[in-house]
Amino acid sequence: MANFAPPPGTADIFPDETVWWQRLEQTAAKVFPLYGYGELRTPIFEYTEVFKRGIGDETEVVQKEMYTFEDRGGRSLTLRPEGTAGVMRALLNTDVMNGNEKRVYYIGPMFRGERPAAGRRRQFHQIGLENVGKISPETDAEVITSMMHFINELGITGGRLLLNTRGVKADREPAEKMLREYFRSHIEAMCDDCRARIERNIWRILDCKQEKCREIVKQAPEYVNSYSQESQEYFTRVCQLLDQAGISYEIDPFLVRGLDYYVHTVFEVVHTAGLGTQSAIVAGGRYELFLPEMKKPVIGVGFAAGMERLLLVQQALSVAAPPPPSPPLFLISMGDEARDANIKLAADLRRQNVPVVVEFEDKSMKAQLRAANRVGSRYVVIRGGDELNAGIVICKDMEAGTQEQLKPEDLISYLRKS
RNA sequence: GUGAUUGUAGCUCAGUUGGUUAGAGCGCCUGGUUGUGGCCCAGGAGGUCGGGGGUUCGAGUCCCCUCAUUCACCCCA
């Protein structure tokens, strides 16, 4: 095979598949406005600092997965590895910092330099939503509600909604201390990664996949109890609101998200169908996000869904394929004059929103009919010298095998009737 | 970045212990019908066997390197 393959971790999406993607996009455009959200489109690259500062210099994503390059002016730019930081950068041009709420959603490609696997690409696509500028448990619960609404609308059932709280920054220290003491006492039995994590990023130990670590994690102290009263009440209230909304969830104290900016409520929906261990199809939480030169963070709550993963799950659940586009009317011509007439006819029909394909090559009737079959045409129009002279066209029904002579101007009403 | 896996026609795949001109099915083209598709019949086009090097009289087949696929790990959506 010649090297026409796209670069690793990228893919071409052909029309058959594109209809599935379009349905995801259309569903977002239908559901999110019901909650007052409009679409925001931000650049695919940003100044590198936006992500370094926004996501956190220490995170895995920033440290080793970003596509960073210099432009001709020597500026350091980065292809966005996630959506939130760029959206915050854009919204700082509004008055979100004064507590004026903004509600936006976004759709588009993201880029991370990872090794591809099931449900993981280097260019992948997310649909995300952000509620920015306000903090309240009601907001968090409503954002989660809109997320569940969205995936239900896609026919995705059987996912598990996991919920946890990260507290606020002040809550983090006592909790970390508690965990560090505990894990230090079990350091002998843990994997190498987790030993390093004790000093570097203790939270990640909680979602280590190694069997021996999981055993230890299970016995870990309930660090949430060390959070402030307010933080605990905030989370309780979010849970109450979800109960009230009839949304079922599981509290998972070991759910910690990989980006530094999260506070309070964090959540994800995991699904086993169609995916390996990359089982999170949508995830998010409340955040406090700093951008370069900011003393105060932007606050908000949001989530992002992986489009590739949504599609894998939909297909594993046998969600019905989107309706295919209506096949074109196929115009067959015998001879140059007929072809010119058909080119004109095609233009007329398209002005009236009828999809039409004209065969341009001077091929046999047989070959032209085969071509019509190939594009799935239900009807074909046949025109040669005889029809031209008589001022008519032949319209053939490819399923019934029948055909009729019509005046060209009657074609549309004939097609509409059948 | 680590590990495993696979790479032969547009697609899905055969190809025996290394042995002449590399195969099948589907798809495509032409004909069997002066201007009527699908089914059938006949013929045809299409391949640097992922790429490079090596062993051998001889390599799709064995060895090394490399690129790519898929999956797992790490991490994340």
Side-chain angles (χ1 to χ4, degrees), chain A residues 1-11 14 24 55 59-65 80-84 107-128 147 151 191-194 196-197 201 204 207-210 255-259 267-271 275-285 302-313 330 332-335 338 359 361-388 394-403:
Chain A
M1 202 197 313
N3 190 22
F4 297 130
T10 67
F14 282 85
L24 298 184
I55 302 169
T59 59
E60 208 87 15
V61 168
V62 169
Q63 290 216 326
K64 44 187 222 194
E65 297 182 348
R80 61 186 187 194
E82 58 95 60
T84 304
I107 301 176
M110 308 291 164
F111 305 86
R112 290 182 198 172
E114 303 177 282
R115 197 71 154 255
R120 196 175 59 220
R121 310 273 81 145
R122 289 183 176 174
Q123 176 177 338
F124 62 106
H125 301 78
Q126 290 186 329
I127 293 179
M147 176 179 87
I151 66 172
C191 73
D192 291 345
D193 284 338
C194 284
R197 285 171 179 145
N201 193 348
R204 295 238 62 90
D207 64 0
C208 182
K209 304 255 173 20
Q210 300 274 321
L255 175 68
V256 287
R257 310 225 39 79
L259 309 180
F267 49 88
E268 67 183 32
V269 175
V270 295
H271 209 297
L275 296 162
T277 40
Q278 320 305 319
S279 55
I281 56 174
V282 46
F303 61 82
M307 295 177 76
E308 285 82 356
R309 293 183 184 184
L310 293 175
L311 292 175
L312 285 170
V313 172
F330 198 92
I332 289 177
S333 334
M334 303 306 291
E359 174 58 62
E361 278 183 71
D362 188 22
K363 294 202 275 200
S364 70
M365 175 78 75
K366 184 188 227 176
Q368 297 195 55
L369 281 164
R370 254 203 303 268
N373 265 354
R374 196 162 37 243
V375 299
S377 293
R378 170 76 196 273
Y379 294 96
V380 303
V381 164
I382 298 171
R383 187 141 66 161
D386 297 346
E387 290 77 18
L388 228 41
I394 293 172
C395 184
K396 173 162 180 157
D397 181 333
M398 296 292 272
E399 262 171 49
T402 57
Q403 57 188 43

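Predicted model, so just to flag it, every value in this text is computed and none were measured. Quick note on labels: first sequence line is chain A, next is B, and so on, each numbered from 1.
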Engineer: Hey, what do you get for CD1 (Ile151(A)) to CG (Leu24(A)), rounding to the nearest 0.5 Å?
Structural biologist: 12.0 Å

Engineer: For nucleotides G53(B) and G10(B), find the distance between their C1' atoms and express it as a whole number of Å.
Structural biologist: 31 Å

Engineer: Check every strand shown and say whether Gly119(A) touches a base, only sugar-phosphate, or nothing at a heavy-atom separation below 4.0 Å.
Structural biologist: base

Engineer: Rounded to the Å, how far apart are Lys396(A) NZ and G38(B) C1'?
Structural biologist: 10 Å

Engineer: Please give me the minimum heavy-atom distance between Gly335(A) and Asp362(A), naming the atom from each residue.
Structural biologist: N-OD1, 4.4 Å

Engineer: Please measure how far the C1' atom in C29(B) lies from the corresponding atom in A9(B), and state the result in whole Å.
Structural biologist: 15 Å

Engineer: What's the separation between atom CD in Gln126(A) and atom CD1 in Ile107(A), rounded to the nearest 0.5 Å?
Structural biologist: 11.5 Å

Engineer: Do you know which two heavy atoms are closest between Glu359(A) and Ala371(A), and how far apart they sit?
Structural biologist: OE1-CB, 4.0 Å

Engineer: Could you tell me whether Gly284(A) contacts a base, only the sugar-phosphate backbone, or nothing, with contacts defined as non-hydrogen atoms closer than 4.0 Å?
Structural biologist: nothing

Engineer: Look at all strands and tell whether Ala372(A) reaches a base, only sugar-phosphate, or nothing, counting heavy atoms closer than 4.0 Å.
Structural biologist: nothing

Engineer: Without decimals, in angstroms, what is the distance between Lys363(A) NZ and G37(B) P?
Structural biologist: 15 Å

Engineer: For Gln63(A), answer base if it contacts any base atom (sugar-phosphate contacts may also be present), sugar-phosphate if it contacts only those atoms, and nothing otherwise; contact means non-hydrogen atoms under 4.0 Å.
Structural biologist: nothing

Engineer: Would the distance check show the side chain of Gln368(A) and the main-chain N or O of Met365(A) forming a donor-acceptor pair, the cut-off being under 3.5 Å?
Structural biologist: no

Engineer: Using side-chain heavy atoms (C-beta onward) and a distance below 4.5 Å, is Tyr379(A) in contact with Asp397(A)?
Structural biologist: yes

Engineer: Strictly below 4.0 Å: does Arg374(A) bring a side-chain N or O up to OP1 or OP2 of C29(B)?
Structural biologist: yes

Engineer: Do the side-chain N or O atoms of Arg115(A) get closer than 4.0 angstrom to the phosphate oxygens (OP1, OP2) of U5(B)?
Structural biologist: no

Engineer: On a whole-Å scale, what distance lies between the C1' atoms belonging to G46(B) and G25(B)?
Structural biologist: 16 Å

Engineer: If C26(B) has a Watson-Crick or G-U wobble mate with both distances under 3.5 Å, name it; if not, just say none.
Structural biologist: G10(B)

Engineer: So what does Glu65(A) hit on the nucleic acid, given a heavy-atom distance under 4.0 Å: a base, only sugar-phosphate, or nothing?
Structural biologist: sugar-phosphate

Engineer: What's the shortest heavy-atom distance between Arg309(A) and Gly119(A), and which atoms?
Structural biologist: NE-O, 2.7 Å

Engineer: For C28(B) versus C62(B), give the span between their C1' atoms, rounded off to a whole number of Å.
Structural biologist: 37 Å

Engineer: Taking the C1' atom in each of G31(B) and A68(B), what is the distance between them to the nearest angstrom?
Structural biologist: 41 Å

Engineer: What contact category does Glu60(A) fall into here, base, sugar-phosphate, or nothing, at under 4.0 angstrom with non-hydrogen atoms?
Structural biologist: sugar-phosphate

Engineer: Of the options G35(B), G37(B), C74(B), whose atoms approach the side-chain atoms of Ile394(A) most closely?
Structural biologist: G35(B)

Engineer: Please list, chain by chain and in numerical order, all residues satisfying ring pair (Phe, Tyr, Trp, His ring centres under 6.0 Å) with His271(A), sequence neighbours excluded.
Structural biologist: none

Engineer: If the P atom of G3(B) is compared with that of G60(B), how far apart are they to the nearest Å?
Structural biologist: 30 Å

Engineer: Between C26(B) and C40(B), how far apart are the P atoms? Round to whole Å, please.
Structural biologist: 8 Å

Engineer: Could you go over nucleotides 41-44 of chain B and give all protein N or O partners under 3.5 Å, atom names and distances?
Structural biologist:
none

Engineer: Would you find a donor on one side and an acceptor on the other, under 3.5 Å apart, between the side chain of Arg80(A) and the backbone of Phe111(A)?
Structural biologist: no

Engineer: Within this structure, what is the CG-to-C1' distance between Leu369(A) and G37(B), rounded to whole angstrom?
Structural biologist: 5 Å

Engineer: Lys64(A) has an atom NZ; how far is it from atom C1' of U2(B), in whole Å?
Structural biologist: 10 Å

Engineer: Within the structure shown, what part of the strands sits under 4.0 Å from Pro116(A) by heavy-atom distance: base, sugar-phosphate, or nothing?
Structural biologist: base

Engineer: If the P atom of A22(B) is compared with that of U55(B), how far apart are they to the nearest Å?
Structural biologist: 24 Å

Engineer: Please tell me which of Arg204(A) and Ile382(A) maps to the more 5' nucleotide of RNA chain B, matching each residue to the nucleotide holding its nearest heavy atom.
Structural biologist: Ile382(A)

Engineer: Charged N to carboxylate O below 4.0 Å: is that the case for Arg121(A) and Glu308(A)?
Structural biologist: no

Engineer: Whole-Å distance between G35(B) P and Met334(A) CE?
Structural biologist: 5 Å

Engineer: How close do Gln123(A) and His125(A) get, heavy atom to heavy atom, and via which atoms?
Structural biologist: NE2-NE2, 3.2 Å

Engineer: So which protein nitrogen or oxygen atoms get under 3.5 Å of nucleotides 31-33 of chain B's nitrogens or oxygens?
Structural biologist:
residue : atom : partner   : partner atom : Å
G32(B)  : N7   : Lys366(A) : NZ           : 3.1

Engineer: Starting at atom CZ of Arg309(A), determine the distance to atom P of C71(B), rounded to an integer number of angstrom.
Structural biologist: 12 Å

Engineer: Send over the distance from Tyr379(A) OH to U36(B) C1', rounded to a whole Å.
Structural biologist: 17 Å

Engineer: Which atom names give the shortest non-hydrogen contact between Leu388(A) and Ala338(A), and what distance separates them?
Structural biologist: CD2-N, 3.6 Å

Engineer: Taking the nucleotide of RNA chain B with the nearest heavy atom to each, does Val269(A) or Cys208(A) sit closer to the 5' end?
Structural biologist: Cys208(A)

Engineer: What is the separation between atom CD on Glu114(A) and atom C1' on C71(B), rounded to the nearest whole Å?
Structural biologist: 15 Å

Engineer: What's Ile127(A) touching, base or sugar-phosphate or nothing? Going by heavy atoms closer than 4.0 Å.
Structural biologist: nothing

Engineer: Name the pairing partner of A72(B), where a pair is Watson-Crick or G-U wobble with both distances under 3.5 Å, or state none.
Structural biologist: U2(B)

Engineer: Between the base of G35(B) and the side chain of Gln368(A), is there a donor-acceptor distance below 3.5 Å?
Structural biologist: no

Engineer: Counting the atoms with a prime plus P, OP1 and OP2 as sugar-phosphate, which does Arg121(A) contact under 4.0 Å by heavy atoms, base, sugar-phosphate, or nothing?
Structural biologist: base

Engineer: Any strand is fair game: report the nucleotide pairing with U33(B) by Watson-Crick or G-U wobble, both distances under 3.5 Å, or none.
Structural biologist: none

